[in-house]
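I have a structure here, written as structure tokens, and I will follow up with some questions on it.
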Amino acid sequence: MIKITPIAAFSDNYIWCLYDDQSKQALIVDPGDAAPVQAFLAEHKLTLAAILITHHHFDHTGGIERLLANSEHEIAVFGPGSIQNINQPLQEGDTIEVLNLNFEVLAIPGHTLDHIAYYCDTGPTEPLVFCGDTLFAGGCGRVFEGTGAMMAASLDKLAALPAATAVYCAHEYTLANLAFARAVEPNNNPLNQRIVEAEKKRQQGLPTVPSTIALELATNPFLRCNQDDVVAAASTQTSSTEDSVAVFCAIRSWKDNF
Ligand SMILES: [Zn+2]
């Protein structure tokens, strides 16, 4: 039985742990901090088999070295080849097998130039994607290293995954993202319903993630740059809304100052 659990780190990071409850082998995604990961592995009597890294930011990589140092066996560390301690460098189109699951690597530059995602449709449940800081629940990452066009193309690539795909992002930013989404599309009913549900979860101390591609397509303005209401909202911020990339750039810079 495969289980996936978020391990909370820093103020709002989620380090995802995917593990096989029978073999007790675990896969960790983006361990920014080793201590909470080691505590979780010990609590559940898990052996760390592999680490997946989505991009180079310290809150996603800072724990790798200590996890490797404290292990008695070799651990496969997958990720962009430019990052220290990656021993299995990856790029677009590569496939890897971990815990008997196949993951396909998608290059999704924009937030950083090295950013990749891991898509799996060979598990026991719906497909899933680990997408780091590119697609968030109700929002998207800041464009630090790439261009707006690059980020928009990366989001398009994720949006094209099957609608049922579970979206495992790396931060609990959902309520702030949805507040912005409502400023863009105040009359989006699925969005307003999602806000009620997300607020309820946070009041109970529960994560609002994973979401699904279907839910993001219905409520996330950054995946809705072709929708009339989103184009109209973008036009209050910029004079050029001639295509969906221009709309994306307008609402991304609006969100940067929201
Ligand atoms: Zn980042």
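Along the sequence shown, residues carry numbers from 1. First listed ligand is number 1; within each ligand, the first listed atom is number 1. Hydrogens, waters and symmetry mates are skipped; everything else that's a heavy atom, side chains included, is used.
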Linked, directly or transitively: Phe248 and Leu223 (ILVMFWY side chains, under 4.5 Å) = yes

Of all pairs that satisfy side-chain hydrogen bond (donor to acceptor under 3.5 Å, both in side chains), the ones with a partner from residues 205-228, not counting sequence neighbours | Glu172-Thr208, Thr174-Thr208, Glu185-Arg224, Arg194-Glu216, Arg194-Thr219, Ser211-Glu216, Glu216-Asn220

When you look at His56 and His115, which way does the side-chain hydrogen bond (donor to acceptor under 3.5 Å, both in side chains) test go after all the steps?
-> CA-CA 8 Å; His56 70 82; His115 205 306; over 6 Å; no

Would you tell me whether Glu197 and Gln193 have side-chain atoms, one donor and one acceptor, within less than 3.5 Å of each other?
-> yes

Around the Zn ion (ligand 1), number of protein N/O/S atoms which are nearer than 2.8 Å | 4

Transitive ILVMFWY cluster of Tyr19, excluding itself - 4.5 Å side-chain cut-off = Ile7, Ile15, Ile28, Val37, Phe40, Leu41, Leu46, Leu48, Ile51, Ile53, Ile64, Leu67, Leu68, Ile75, Val77, Ile83, Ile86

Scan residues 161-171 for pairs that pass salt bridge (Lys or Arg N to Asp or Glu O under 4.0 Å), counting only residues two or more places apart or in two chains.
-> none

